[in-house]
Structure formats: C-alpha cells, structure tokens
Amino acid sequence: TIFLVDVTYPLQTKSRTDICLKKDPAYEVTEIQCDSNMIFSGGSIKSDFAPIVVDRIETSIVSEGTQNRVYADIHLRKASVGDVVYSEDHTQNLMGIRVSLGSGEVFDCDTVQDGYLEFDGTDEEVSCDTTVILEEAWQVDSLNVELVYDYSIGLNIGPVPIKKLGEGLD
C-alpha cells in the first residue's frame with residue numbers, strides 16, 4: 001500500500017544584507033566599499049533556511065533634493081518541491097512580504113497588494129522603493145526582507161506492507 005500525504009505548514013522567514021546609503025550618490029567613500037548601485041547574492045544575504053529564498057537583491061539610491069530614494073529589486077526563488085498556499089481557503093498562492101531598513105523605513109513594493117505577493121511559480125521579482133533623509137554623507141544600514149506564508153508539500157510514503165494482526169508471527 002502506498003500512502004499519499006499532503007502536509008501544509010506555516011513559515012515566517014527573515015533575510016537581511018547590509019547596504020551603504022549615500023546622501024550624494026556621486027560621493028566617494030574611502031573607508032568601505034560603498035557604491036550607489038549594488039548587487040547582493042549568495043552568502044552576502046543572511047537568510048533563514050526555507051523553501052522560498054531571497055536569491056538576489058539589487059539596490060540603488062538617487063538624490064531627490066533634501067531626501068534620497070532607495071530602490072531595491074528583490075528576487076525570490078523556490079528552492080524545493082511544494083507550493084506556497086497562503087489564503088483563507090488555500091486556493092491562492094499568497095505570500096506576505098515586508099521590506100524595510102533597519103532604521104525603520106518601510107518600502108512600497110509593486111505587485112504587492114495589502115502586504116501580499118502572489119507567488120505562482122518558481123521565481124518572482126519584486127521592485128520596491130522608499131525615501132530616507134540622511135544626516136551624514138553616508139551610512140550603513142540593514143535591508144530586511146520578511147516573508148510569511150503557508151507551504152504545502154505532497155509526500156509519497158510507500159510501499160508499506162500491511163499485514164493482518166497475527167500474520168507473520170510464528
């Protein structure tokens with residue numbers, strides 16, 4: 001006999017990387033690597049172990065008068081078999097997503113409605129932006145990505161021999 005089991009479990013994961021923010025994107029920082037456009041992937045993104053991972057983050061910053069706009073493109077990738085199912089009736093593949101800076105600014109993201117992203121496949125890209133007011137010429141801050149979703153996976157367990165009580169006993 002073969003058993004087919006569907007398992008659904010809730011997840012809340014966090015990923016982060018340190019980014020450099022410059023008041024003037026053309027300003028040359030000599031103390032650390034601090035570019036106005038950065039790409040983070042692999043080990044430069046600290047993440048919880050999960051079936052959906054933050055695979056790559058691309059950031060840029062532009063000056064807008066007395067403030068700056070920070071852009072972040074977040075690339076999500078499904079790293080294992082299964083599906084995102086986060087809705088009341090488990091019919092939609094919704095994932096809660098929140099992108100923020102360690103200093104508290106929360107990003108607005110396209111394709112995200114009421115804090116949820118529809119995750120239909122194996123890869124999704126979310127473009128986000130926020131404004132910051134920088135007091136110093138440059139500073140390092142953390143970029144945080146929080147994901148909340150239910151994950152469903154089908155398990156095939158078998159074959160499992162089933163015997164009547166007392167069978168096989170001598």
Side-chain angles (χ1 to χ4, degrees), residues 9-87 92-151 153:
Y9 54 98
L11 287 163
Q12 180 173 359
T13 64
K14 296 180 182 181
S15 300
R16 68 176 287 280
T17 192
D18 289 332
I19 64 171
C20 186
L21 304 172
K22 297 190 289 184
K23 190 181 272 189
D24 175 4
Y27 180 76
E28 292 294 326
V29 177
T30 57
E31 294 85 352
I32 62 169
Q33 181 181 354
C34 182
D35 297 323
S36 295
N37 301 310
M38 297 285 294
I39 298 175
F40 304 93
S41 62
S44 64
I45 302 172
K46 297 159 190 68
S47 294
D48 295 336
F49 179 76
I52 306 296
V53 296
V54 176
D55 194 43
R56 190 170 78 239
I57 300 173
E58 300 174 31
T59 63
S60 61
I61 188 168
V62 295
S63 180
E64 293 181 342
T66 60
Q67 61 187 15
N68 292 79
R69 184 163 303 277
V70 180
Y71 294 94
D73 290 334
I74 314 293
H75 300 263
L76 304 173
R77 179 177 51 85
K78 185 163 72 168
S80 71
V81 297
D83 294 299
V84 171
V85 287
Y86 191 84
S87 64
Q92 291 182 289
N93 302 334
L94 297 178
M95 171 186 298
I97 182 169
R98 183 175 189 269
V99 180
S100 62
L101 292 174
S103 54
E105 290 84 355
V106 176
F107 285 71
D108 291 319
C109 301
D110 67 358
T111 69
V112 174
Q113 294 181 351
D114 298 324
Y116 291 94
L117 165 72
E118 191 164 349
F119 193 92
D120 280 334
T122 57
D123 298 294
E124 291 289 336
E125 180 178 335
V126 181
S127 296
C128 307
D129 68 272
T130 191
T131 56
V132 295
I133 297 174
L134 301 172
E135 300 298 326
E136 304 294 326
W138 64 276
Q139 70 185 50
V140 175
D141 203 344
S142 63
L143 178 73
N144 307 297
V145 180
E146 297 175 52
L147 304 175
V148 177
Y149 55 98
D150 286 353
Y151 200 74
I153 186 169

Is the shortest side-chain heavy-atom distance between [X] and [Y] below 4.5 Å?
| X | Y | answer |
| --- | --- | --- |
| Val106 | Arg98 | yes |
| Pro51 | Tyr9 | yes |
| Met38 | Cys20 | no |
| Val126 | Leu117 | yes |
| Phe40 | Val54 | no |
| Leu134 | Ile61 | yes |
| Ile39 | Arg56 | yes |
| Leu76 | Met95 | yes |

Once you round to the nearest 0.5 Å, how far does [atom1] of [X] lie from [atom2] of [Y]?
| X | Y | atom1 | atom2 | value |
| --- | --- | --- | --- | --- |
| Thr131 | Gln67 | OG1 | CD | 4.5 Å |
| Ile74 | Thr59 | CD1 | OG1 | 9.0 Å |
| Glu146 | Ser15 | CD | OG | 9.5 Å |
| Asp129 | Asp110 | CG | CG | 8.5 Å |
| Ser142 | Leu101 | OG | CG | 7.0 Å |
| Arg77 | Phe119 | CZ | CZ | 9.5 Å |

_Test your reading of the model: is there a side-chain donor-acceptor pair from Asp141 to the backbone of Gly102, 3.5 Å cut-off?_
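Such a contact is found between Asp141 side chain and Gly102 backbone.
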
_Heavy-atom donor-acceptor pair, Thr17 side chain to Ser44 backbone, under 3.5 Å_ = yes

For [X], does the [atom1] atom have more than 12 heavy-atom neighbours from other residues, nucleotides or ligands under 6.0 Å away?
| X | atom1 | answer |
| --- | --- | --- |
| Glu64 | CD | yes |
| Glu31 | CD | yes |
| Lys46 | NZ | yes |

Minimum heavy-atom separation for [X] to [Y], with atom names?
| X | Y | result |
| --- | --- | --- |
| Tyr149 | Leu94 | CB-O, 4.1 Å |
| Ala79 | Val53 | CB-CG1, 4.2 Å |
| Pro25 | Asn68 | CD-ND2, 4.5 Å |
| Lys22 | Ser36 | CE-OG, 3.3 Å |
| Cys128 | Asp73 | N-OD1, 4.5 Å |

_Run the side chain to side chain contact (heavy atoms under 4.5 Å, CB included) test on Glu135 and Ile133 for me, step by step, so that the C-alpha distance in whole Å, both residues' side-chain angles and the decisive distance to 0.1 Å come before the verdict._
CA-CA 7 Å; Glu135 300 298 326; Ile133 297 174; 4.0 Å; yes

_Checking Val132 against Ser103 for the side chain to side chain contact (heavy atoms under 4.5 Å, CB included) test, could you report, in this order, the C-alpha distance in whole Å, the side-chain angles of both residues, the deciding distance, and whether it holds?_
CA-CA 9 Å; Val132 295; Ser103 54; 5.5 Å; no

*List the steps and the verdict of side chain to side chain contact (heavy atoms under 4.5 Å, CB included) for Asp24 and Trp138.*
CA-CA 8 Å; Asp24 175 4; Trp138 64 276; over 6 Å; no

*Show your reasoning for whether side chain to side chain contact (heavy atoms under 4.5 Å, CB included) applies to Leu147 and Leu11.*
CA-CA 8 Å; Leu147 304 175; Leu11 287 163; over 6 Å; no

